[in-house]
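Report on the following structure.
For ligands, and for the atoms within them, numbers begin at 1 and follow the listed sequence.
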Amino acid sequence: MSIQNNVKTGIRNPFEIVQKQCEECAGLLNLSPDVYELIRFPMRELHVSIPVRMDDGMIKVFKGFRVQYNDALGPTKGGIRFHPEETIDTVRALAAWMTWKCSLLNLPLGGAKGGVVCNPREMSLGELERLSRGYVEQVWQFIGPDRDIPAPDVYTTPQVMAWMMDEYSRRVGKNQFGVITGKPLLLGGAAGRNIATARGGIYVIEEAAAEIGLNLNNATMVVQGYGNVGYHAAALAHELLGCKIIAVSDRKGGIYRKKGLDPRLVYEYKQTHGSVVGFPDTEPITNGELFELEADILCPSALENVITAENAAKIKARLIAELANGPTTPEADEILSEKGIHILPDILCNAGGVTVSYFEMVQNFNMYYWDEAEVFERLQRKMTAAYRAVLQTAQKYKVNMRKAAYMVALNRLAEAMKLRGWA
Ligand code: NAD
């Protein structure tokens, strides 16, 4: 399997990063060569062509993928992205991270990911529905409630999940709500799913703050990315923990106000103006400047590879909460560790989403639904248990929190593969 960097964007191939992380942790854990060989590559991947009748009457064929990385711990699980720059290597990397994430959170699930190369912003609702159903037509024999359970990701919504669930149910001849998560509430969605990733992040921020002696009341926080995860994290940190949100940003730029922002008013402004930029009584800043602000907590909540060897040394935060997937390059990680910054790595910090997705499956199987308070109580137990397991490993092996998170996850996975007789 060849791994190539994206020469067009110069962005580092995320699957190459996965390979590097795997190799390093296999060494630290003294994993057997058999186990290492089994976790280096996906167990199975599907490449499909999806013909869609467009509104102009012509057929357009879209490229799609589903990567099932490893199912030693249970059926595989992971979102589907609709993105114009989707690549098989990004899907492979995200499928591997899902595998480690489910293992770290002690969920009875393996990891997978899917993607379709398309631009949903340029498609009508009808075209989007035909594409969603077309994707299921190509992959339905490989997914299922006890086999592989997709979910939403970038540019896929509860409506897309509803169409996909419906298409799968039609093909198997019965309602199968449990085939996909992130569905609308009326069709078996879980209460609290839309804020679950941010809420899970808040629980581990509380644990980490207690560990490093940071008083969260009035602690300053900056948030890069003001979408589903970034906005809810800012609002919850402000309202539940008393944090002062001094800067936020989106793809168009950032805003800064030393005395603090009201996250909900900023969000309302973004809804009407298309960006946080221009929010009254704030100073404009760039996404680059945002990372260098004097603040207690930094929350990257947008994209991969934003904390790099170039800007890591200038970061002043005491705590970095990685709500985005893969925001820190391995080189930057070394620099942040040397500076003694406490990092909540992505596979821990943003695992609230998959955990509540798992709760959604459990509720679908039982046909009995919990209220939001019950969902969050169970989520908090899972997130704090994972944080403590990572912290204990970091202290025991004298490694940083990211390496410790990988070690906990890969150790469990290796144990499962040994028990199953695979290695
Ligand atoms: P989203 O599309 O709702 O929001 C993304 C935000 O990032 C938007 O505000 C966008 O303007 C901003 N953005 C895009 N490019 C940017 C740039 N160059 N600089 C600054 N900001 C930029 O997406 P989301 O669901 O909030 O996901 C954000 C991250 O969290 C992704 O890495 C995703 O994989 C990860 N994540 C999301 C979930 C979930 O439940 N939604 C779960 C786990 C991880």
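- Of the heavy atoms in M98, none comes closer than 4.0 Å to ligand 1.
- Within the cation-pi definition used here (under 6.0 Å to the ring centroid, within 45° of the axis), R199 qualifies as a partner of F376.
- Under 4.0 angstrom from ligand 1, the non-hydrogen atoms of R81 all belong to its side chain.
- Closest to atom 23 (O) of ligand 1 among all protein heavy atoms lies N228 N, 4.6 Å.
- When non-hydrogen atoms are compared, ligand 1 lies under 4.0 Å from the side chain of R193 (C-beta onward) but not from its backbone.
- For the pair D153 and ligand 1, the shortest N or O to N or O distance does not fall below 3.5 Å.
- Checked against the 6.0 Å centroid threshold, Y168 and W163 do not count as a close aromatic pair.
- Under 4.0 Å from ligand 1, the heavy atoms of N287 that appear belong solely to its side chain.
- Polar contact with ligand 1: absent for V154 (N/O pair, distance under 3.5 Å).
- Taken to the nearest 0.5 Å, the CD1 atom of I320 stands 4.5 Å off from the CG atom of L336.
- A side-chain N or O of R264 and one of Y231 form a donor-acceptor pair less than 3.5 Å apart.
- Residue-ligand proximity, Q224 to ligand 1, at heavy-atom distances under 4.0 Å covers atoms 19 (N), 20 (C).
- Under 4.0 angstrom from ligand 1, there are no non-hydrogen atoms of P327.
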